[in-house]
Number of protein chains: 2
Amino acid sequence: MRQSIKTGTERVTIAQVAREAGVSKTSVSRFLGGEFDALSVRLRDQIGTTIARLGYQPSQMARGLKGGRTRLIGMLVADILNPYSVAVLHGAEAACQKYGYTLMLCNTGNDEQREKQSLAALHSYSVEGLLFNTQGRNVTPLKELGQAAFPVVLLDRRVEGCDFDLVGLDNVSAAQLATSHLLEQGYTDIALVVQPLYGVSSRQGRQAGFLQAMNRRPDCHGETLEVHIDQPGHTATVLHEFFLRRRNGGGRIAILAGNGMVSLQIALALQSMKLRFPEDIGLLCFDELAWSPLVGAGISTIEQPTYEIGFTAIERLLVRINGERSGRKEILLDGRLVRRGSTAPVATGHAAP
Amino acid sequence: MRQSIKTGTERVTIAQVAREAGVSKTSVSRFLGGEFDALSVRLRDQIGTTIARLGYQPSQMARGLKGGRTRLIGMLVADILNPYSVAVLHGAEAACQKYGYTLMLCNTGNDEQREKQSLAALHSYSVEGLLFNTQGRNVTPLKELGQAAFPVVLLDRRVEGCDFDLVGLDNVSAAQLATSHLLEQGYTDIALVVQPLYGVSSRQGRQAGFLQAMNRRPDCHGETLEVHIDQPGHTATVLHEFFLRRRNGGGRIAILAGNGMVSLQIALALQSMKLRFPEDIGLLCFDELAWSPLVGAGISTIEQPTYEIGFTAIERLLVRINGERSGRKEILLDGRLVRRGSTAPVATGHAAP
DNA sequence: CTGTTAGCGCCTTCAG
DNA sequence: CTGAAGGCGCTAACAG
């Protein structure tokens with residue numbers, strides 16, 4: 001006879017519904033499970049009415065406890081401040097809503113310790129599966145999941161030694177597309193600017209595509225520049241050195257930014273160096289951002305189908321959750337080139353001041 | 001003796017730990033609950049070792065079922081594509097991680113139907129509290145929560161007829177700050193451009209601050225422009241009309257953008273109208289965005305302490321969850337003016353082409 | 001078609 | 001200090 005001190009919201013239970021409807025809990029449970037062919041019309045109506053009247057909602061906790069169907073999906077994001085992650089999250093959340101799942105979100109901030117803790121947290125809630133955008137280093141905890149055949153779909157970044165499904169961009173093709181575009185526009189000295197390659201397969205893929213495209217043009221020069229974007233001024237320094245190194249070669253210089261975070265740093269660096277694009281330097285960026293059309297004459301980009309990536313990843317995960325046991329599958333979606341002023345061909349050599 | 005067909009990850013249970021450690025489930029439970037003073041050192045060690053060896057993690061589902069402490073917090077976001085929401089989410093997620101909670105995220109896309117469904121979903125998982133960034137219209141389901149004294153903290157937007165706590169920007173002051181800045185810089189014809197005011201208290205607050213500041217300057221002209229940013233070209237049209245209407249008044253025109261989403265539309269519109277700032281028009285935007293420094297001579301902004309808003313909101317929610325019953329509390333944080341080129345005072349009347 | 005009986009994994013009295 | 005027993009809300013055999 002104790003009163004709940006907590007909220008006053010006494011949760012309506014299946015037992016209450018059963019009692020008020022004058023039936024057994026089992027029947028109510030069947031109703032909830034949609035087993036209508038196992039219920040007389042009379043019962044069905046009584047139960048339906050009572051549920052509506054009481055505003056009853058089954059507890060997913062209790063349901064999950066029994067059968068393991070928690071209808072929960074965990075999502076681990078390497079960096080929630082990265083617009084890419086958010087865009088993918090958007091698609092994933094939409095898919096979850098469509099299929100009746102709920103997303104538990106953890107941001108790891110590219111930290112392996114937090115990644116591990118978050119993994120533990122999600123596990124403790126018996127999520128049915130995981131969408132995983134890993135930070136890349138020290139992936140032992142992930143591997144354990146793999147051995148346990150736990151449903152996991154990787155986002156964007158592959159993990160060595162694990163045979164998880166993956167959904168992401170076709171990085172090699174996209175980078176080829178990007179590089180070819182720059183070459184076609186008459187750029188001859190191109191720097192691919194990326195965050196540290198180590199451990200991040202998508203960056204490596206983009207580099208591979210870049211190199212392949214450059215190799216077809218021995219008359220042109222290509223190099224990869226690694227920048228630490230959390231280190232203030234680093235991008236500007238690296239860029240400056242590159243520019244000094246190549247400016248007198250007589251070629252036309254361009255930069256290919258490896259992702260949206262890098263794009264921002266590059267745009268800021270170019271601004272501080274007073275370099276305009278495309279007059280002084282060509283610029284093409286991975287990731288279409290809200291502001292891509294706005295800066296200078298507009299920045300050309302490789303747009304990723306981010307919403308689709310997130311949505312597809314959830315669908316793939318649900319397939320796994322529903323028991324599919326086939327081999328590892330990679331779903332690579334195509335990037336799209338968005339041409340803007342920053343890669344326009346400049347008539348003649350327009351010298352910087 | 002049935003094998004789990006699902007994953008092969010046979011969940012380690014408290015019973016297993018108890019058996020292997022040669023103790024009772026109760027003792028293990030005490031260990032988990034931190035009741036060490038009720039355990040002999042020997043037991044404590046045995047249990048600790050066994051837990052570590054088995055990699056046991058208690059099921060939050062089962063825990064929650066019993067006592068209601070699910071350690072789950074639901075977050076309802078009006079629009080995940082709004083950078084503001086993401087920034088707040090960032091802070092909220094960090095706070096959750098700090099305090100051992102996990103976030104269940106739902107995006108309502110500013111749709112009242114989805115808001116209602118998401119609410120139901122979160123409820124079914126027995127979240128202990130809710131962070132709520134409502135779409136504003138039709139708030140009956142929210143009110144029911146209020147009557148049940150369920151812990152809720154509102155983000156950014158107030159809800160009429162509910163006495164929930166709220167964390168957000170001090171919109172009135174921030175708008176005064178913004179408007180004053182424009183006036184000080186010599187702008188005389190100012191348009192506050194916002195999304196529809198109806199039902200969204202933060203927009204109304206910003207308008208109030210704007211009007212208050214304008215009223216102190218009867219020699220200047222201020223008006224509020226509502227735009228529908230999902231309607232292509234609408235912002236440009238409204239802006240164009242405003243510009244035509246005021247350009248011959250001899251005053252200096254400026255725009256105050258009501259939030260980040262609007263800022264983007266305005267920047268695009270101005271670009272298509274070939275209007276430069278500050279030469280042709282002044283521009284000040286609510287919400288500091290990654291690209292604010294990049295466009296034109298840089299866009300002046302009112303920066304919100306978004307991370308802090310999210311973090312504080314969680315902390316406030318936890319206070320409520322832990323039983324605080326005091327009256328409604330509003331925590332309003334201050335905005336910060338970031339001066340850039342877009343509100344620079346222009347020497348003389350610089351006519352547009 | 002319907003209800004009874006057992007748990008799911010954990011916490012919480014209540015006895016030793 | 002320790003453990004046995006009961007129940008949280010729900011589902012899943014197993015009988016009728």
Side-chain angles (χ1 to χ4, degrees), chain A residues 1-2 4-7 9-47 51 54-72 123-126 128, chain B residues 1-2 4-7 9-47 51 54-72 123-126 128:
Chain A
M1 186 50 76
R2 97 187 197 309
S4 166
I5 322 166
K6 299 174 314 198
T7 61
T9 332
E10 278 310 306
R11 209 178 209 310
V12 184
T13 77
I14 199 175
Q16 248 168 88
V17 175
R19 196 177 332 120
E20 300 224 7
V23 300
S24 74
K25 290 195 293 174
T26 312
S27 296
V28 180
S29 178
R30 290 200 174 103
F31 182 95
L32 297 176
E35 305 171 47
F36 296 118
D37 39 339
L39 290 175
S40 67
V41 186
R42 200 168 57 84
L43 274 209
R44 196 188 317 178
D45 287 352
Q46 281 172 33
I47 296 174
I51 285 182
L54 266 44
Y56 166 70
Q57 283 185 269
S59 155
Q60 291 289 358
M61 298 267 123
R63 286 188 145 182
L65 188 54
K66 187 69 191 185
R69 307 302 316 228
T70 56
R71 302 241 143 211
L72 241 31
H123 176 70
S124 76
Y125 286 103
S126 308
E128 294 183 29
Chain B
M1 186 51 77
R2 96 191 198 307
S4 167
I5 322 165
K6 300 176 311 199
T7 61
T9 332
E10 278 310 307
R11 209 180 209 310
V12 185
T13 77
I14 199 174
Q16 251 168 86
V17 175
R19 196 179 328 120
E20 301 224 6
V23 300
S24 74
K25 290 195 292 174
T26 312
S27 297
V28 180
S29 178
R30 289 200 175 104
F31 182 94
L32 297 176
E35 305 171 47
F36 297 117
D37 39 338
L39 289 174
S40 67
V41 186
R42 199 172 56 84
L43 274 208
R44 195 190 315 179
D45 286 351
Q46 281 174 32
I47 297 174
I51 286 181
L54 266 44
Y56 166 70
Q57 283 185 271
S59 154
Q60 290 290 359
M61 299 266 121
R63 288 188 144 184
L65 188 54
K66 189 70 191 185
R69 306 304 313 230
T70 55
R71 302 241 145 213
L72 241 31
H123 175 70
S124 75
Y125 286 103
S126 308
E128 293 183 30

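- A heavy-atom distance below 4.0 Å to DNA chain C is reached by these residues of residues 20-32 of chain B, ordered by number: B:K25, B:T26, B:S29, B:R30, B:L32.
- Side-chain contact between B:H123 and A:R11 is present, with heavy atoms from C-beta onward closer than 4.5 Å.
- In terms of heavy-atom proximity, B:A18 sits nearest to B:S24 at CB-C, 3.7 Å.
- Taking B:R19 as the reference, nothing meets the salt bridge (charged side-chain N to carboxylate O under 4.0 Å, His left out) condition, with sequence neighbours excluded.
- Residue contacts shown for A:Y56 are limited to sugar-phosphate atoms, with no base heavy atom under 4.0 Å away.
- With sequence neighbours excluded, the residues forming a side chain to side chain contact (heavy atoms under 4.5 Å, CB included) with B:R30 are B:T26, B:E35, B:A38, B:L39, listed by chain and number.
- Among all heavy-atom pairs drawn from B:T70 and A:Y125, the shortest one is O-OH, 2.7 Å.
- Applying the side chain to side chain contact (heavy atoms under 4.5 Å, CB included) test to A:R63 and every residue at least two apart in sequence or in another chain returns A:L32, A:P58, A:Q60.
- Applying the salt bridge (charged side-chain N to carboxylate O under 4.0 Å, His left out) rule to A:R44 yields no partners; only residues at least two apart in sequence or on another chain are considered.
- In this structure A:Q46 satisfies the side chain to side chain contact (heavy atoms under 4.5 Å, CB included) test together with A:V23, A:R42, A:L43, sequence neighbours excluded.
- For DNA chain C, the span of nucleotides reached by chain B at under 4.0 Å from its heavy atoms goes, 5' to 3', from C:dG9 to C:dC14.
- To the nearest 0.5 Å, atom CG of residue A:L65 and atom CE of residue B:M61 are 9.0 Å apart.
- End-to-end axis angle of the helix from C:dC1-D:dG16 to C:dG16-D:dC1, using five pairs per end and rounding to 10°, comes to 40°.
- When the ring pair (Phe, Tyr, Trp, His ring centres under 6.0 Å) test is applied to A:F31, the partners found at least two apart in sequence or on another chain are A:F36.
- The closest side-chain heavy-atom distance from B:E20 to B:V12 is not below 4.5 Å.
- Legend: residues meeting side chain to side chain contact (heavy atoms under 4.5 Å, CB included) with A:S29, ordered by chain and number and at least two apart, are A:I14.
- Bounding nucleotides for the chain B contact on DNA chain D, 5' to 3', at a heavy-atom distance below 4.0 Å, are D:dC1 to D:dG9.
- Annotation: proximity of residues 37-46 of chain B to DNA chain D (heavy atom, distance under 4.0 Å) is found for B:D37, B:A38, B:L39, B:S40, B:L43, numbered in ascending order.
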